[in-house]
Amino acid sequence: MDFAKTDEQELLIESIEEFCSRYFNEDLIESMYENGSVTDEILKEYLEAGFGLMGIPEEYGGIPCDKVTLGILTEEFAHHAGCVTSFLNNTLAMSDMIEFGSEKQIEFCMNAYMESGKPIFSLGFSEPAAGSDNQAMTSVTKKQADGTYILNGQKTWVTQGELLPYVLVVAKDEDPSRENKSMSLWLIDKNTKGVSTAPLHKIGQQIMPFCEMYFDDVVLTEDMRVGEKGVGFVNLMKNFEMERCLIVAQCLGCAQAALEDAAQYATMRETFGRPIANFQLIQEKLTDMEIALENTRNLLYKTLWKMDQGESVRLDSALVKRYGPKACYEVASEALQIFGGLGFTTEKRVGRIWKDLRGHMIAGGTDEIMVYIAGRQITKKYQA
Amino acid sequence: MKILVPVKIVLESEDIQIKGDRSLDFSKAKPKLSDYDCNALEIAAQIGDNGVYALSVGGEALKDSKVKKNILSRGVDELFLTCDSAYEDLDAYQTAQALAKLVEEAGEYDLIILGDGSADRMAQQVDVQLAYALNLPIVTAVSHIEVEGSKLKLTRILEDSIQNIEVETPAIISIVPDIAEPRIAGMKDILAAGKKPMHEVTTELEATQSAETVSNLAPEQVQRQQNIKDASDESIAEFAQALKQAANL
């Protein structure tokens, strides 16, 4: 068993640290949260430094790398920036397109990505009544006599949906009923007649806002379909496991930043004539926080390592998504508590991290859905 | 233009611990590329259209594979090293002598660029000593370089003036850090670094100590905290004096 990072991974972390100290500061982060996006300059620099190309195949100009290294990339950016960013969403969106798109679609999306560092499209998967219960989805396309399709439906929690010009939508083929499992993916220009959006206001993670998206008699053509007809959602599910892991990696980095802030504050803040770090109640908090992060880290990287070995992580990815975001949220909460009143102001970033991490207990599948996924796998695993 | 860049591996200063008796504990300090050498590598990578070769002389720290890959991930094509535990603590003269051997190994070149000084000692001596060893012209404190054929047009920043100097290659220059912001090595550069040529060169040079270290201690801690708790004229004057002292006014 080897927990050591490679030279390359250690150098990557040094580069990330340098990148974050050069391009991120608290004033800028605050303005990015107010403006609802990472700046164009940072997105471009992120791409040009090669971080945004990691995990993309070489034939499309990318830098292939293992899943463990992608986890490190995500964790360390959150750690050194001290906030969530859209980098992880952008990487996942490009992975979806590269895996399922036609050569023409991939070229179109990669050209736009290489130009700006932003994917040209957001992902429209969830619906008000269909999140992890994807069979309940009712968005539907119906084929017309002229060979086109008409899309009707509504999507929600579309991250960066108002910012990005296209959307990748999953919709049922022909029949919206629960029994119909045939779904397809469509890449739709938001300027297409019948597409509209409405903002949703988050209480955290405002740096990457989401929105509602409505499709009223939107005319689609066959060339807008991404991947094979009928297997849209099955395709997407393959990438959900990686999404869960990268969400946890982002939680881990943010919670690590909160822990470091709190530990440093505890050695400086004095009450009753001595630093609060000398009180056992604070020491207990710091100890449990460190344990929570180490447990999350071990579970996360073992899962990513198994993915790199080609092993199934259906159970592992649900376990890490069940455990990690809650553990990291609790670390942020305890970090805030160590700061006392100061932690509950906007003077310190710990409050922002605490709010952001609460969202990750829901994003990519709630903690409760993870129990549903893991529970079934565990009974299978131990079946007599 | 083919450029050689001598670099130094130093210990991470943040990891050096001060013991109770003010002596320094280096045992936890990891080796790293000296900060000012990153600027020298960057400007070399920008103008070195015919290859950039890094050179280094030192002790065990140079065996660290991560350090070597770090150098090679910064626009460097090849690395030449002389690594020997006897060379752990060479003085500037001996370092320049050993570097001169590496320069010979690296073959023909147009320009040698050095950083402002090493991040540990900042003696700023190796550049001039190397110029002496190689019998080359040297220009220090260079803040801008323009290449015109075999000629360099250099801007040199001094405390009270700015000089414009022209020099024929081959030559040696040492630069001020502002000349170029070091690149952030991306994953592609990092992955490529491990595949680039690294040459280990042994020399016959005998390491001798020209100076003896009598003591190496951290400065004494000065108690600067003062409590002034009332608003009397005397206390306010005392407070103002303390502020002036802290700001060195």
Side-chain angles (χ1 to χ4, degrees), chain A residues 4-24 41-77 80-81 87 91 114 117 260 264 268 270 273 275, chain B residues 7 9-15 17 28-39 41-42 45-46 54 61-76 79 81 119 177-178 180-196 198 224-227 229:
Chain A
K5 294 187 180 80
T6 64
D7 287 343
E8 285 74 15
Q9 287 165 342
E10 287 192 9
L11 288 169
L12 172 68
I13 294 170
E14 285 176 17
S15 285
I16 292 168
E17 196 174 350
E18 175 64 28
F19 186 96
C20 291
S21 74
R22 206 177 281 185
Y23 294 107
F24 285 82
E41 187 206 356
I42 291 182
L43 287 165
K44 196 82 209 299
E45 293 291 343
Y46 181 82
L47 183 76
E48 279 176 6
F51 302 125
L53 296 170
M54 286 171 62
I56 292 176
E58 216 161 7
E59 62 263 37
Y60 301 115
I63 306 164
C65 74
D66 53 83
K67 304 278 194 281
V68 167
T69 305
L70 281 178
I72 291 173
L73 174 78
T74 308
E75 179 192 347
E76 293 299 334
F77 256 100
H80 292 292
F87 299 145
T91 305
M114 295 301 246
E260 287 170 8
Q264 282 159 17
M268 290 184 328
E270 289 189 6
Chain B
V7 298
I9 304 308
V10 298
L11 295 176
E12 176 57 75
S13 56
E14 285 178 10
D15 299 337
Q17 292 180 332
K28 292 196 175 69
K30 294 197 184 81
K32 67 163 205 170
L33 176 60
S34 175
D35 299 337
Y36 303 106
D37 294 340
C38 297
N39 304 92
L41 289 172
E42 181 57 38
Q46 287 177 17
L62 265 182
K63 290 187 177 154
D64 187 301
S65 60
K66 189 183 116 188
V67 164
K68 290 189 269 194
K69 287 176 191 168
N70 186 8
I71 297 169
L72 286 163
S73 69
R74 294 172 179 274
V76 173
L79 178 60
L81 302 166
D178 289 348
E181 185 176 48
R183 67 190 54 197
I184 295 171
M187 199 60 194
K188 203 172 236 172
D189 305 312
I190 293 169
L191 290 172
K195 296 174 191 146
K196 290 180 180 174
M198 297 183 207
R224 284 188 295 189
Q225 187 181 339
Q226 294 182 45
N227 293 321
K229 289 183 176 166

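Proteins get letters first, then strands, A, B, ... in listed order; numbering begins at 1 in each.
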Heavy-atom distance under 4.5 Å between the side chains of A:Thr69 and B:Met187, does that happen here? yes
My understanding is that only residues two or more places apart in sequence, or in another chain, count here; which of them pass side chain to side chain donor-acceptor pair (under 3.5 Å) with B:Glu42? B:Gln46, B:Arg183
Can you name the nearest heavy-atom pair linking B:Leu191 to A:Glu8, along with the distance? CD2-CG, 4.0 Å
Return yes when atom NZ of A:Lys5 has more than 12 non-hydrogen atoms of other residues, nucleotides or ligands closer than 6.0 Å, and no otherwise. no
Tell me, for A:Glu14 versus chain B, whether the close heavy atoms (under 4.5 Å) come from the side chain, the backbone, both or neither. side chain
Residue pairs fulfilling side chain to side chain donor-acceptor pair (under 3.5 Å) with at least one residue in residues 51-61 of chain A, sequence neighbours excluded: A:Tyr60-A:Glu103
In terms of heavy-atom proximity below 4.5 Å to chain B, should A:Tyr46 be classed as side chain, backbone, both, or neither? neither
Residues, nucleotides or ligands: over 12 heavy atoms within 6.0 Å of B:Tyr36 OH: no
Applying salt bridge (Lys or Arg N to Asp or Glu O under 4.0 Å), which residue pairs with at least one partner in residues 30-39 of chain B are found, sequence neighbours left out? B:Glu12-B:Lys32, B:Lys32-B:Asp35
Inter-chain contacts: residues 61-70 of chain B against chain A, heavy atoms under 4.5 Å: B:Ser65, B:Lys66, B:Lys69, B:Asn70
Heavy-atom donor-acceptor pair, A:Ser15 side chain to B:Ile184 backbone, under 3.5 Å: no
Which atoms of A:Phe19 approach chain B - backbone, side chain, both or neither, heavy atom under 4.5 Å: both
To the closest 0.5 Å, what do you measure between CG (B:Asp189) and CG (A:Leu12)? 11.5 Å
Chain B heavy atoms under 4.5 Å from A:Ile63: which part of the residue, side chain, backbone, both or neither? side chain
So which of A:Glu45, A:Arg22, A:Glu48 has the largest heavy-atom pair count under 4.5 angstrom toward chain B? A:Arg22
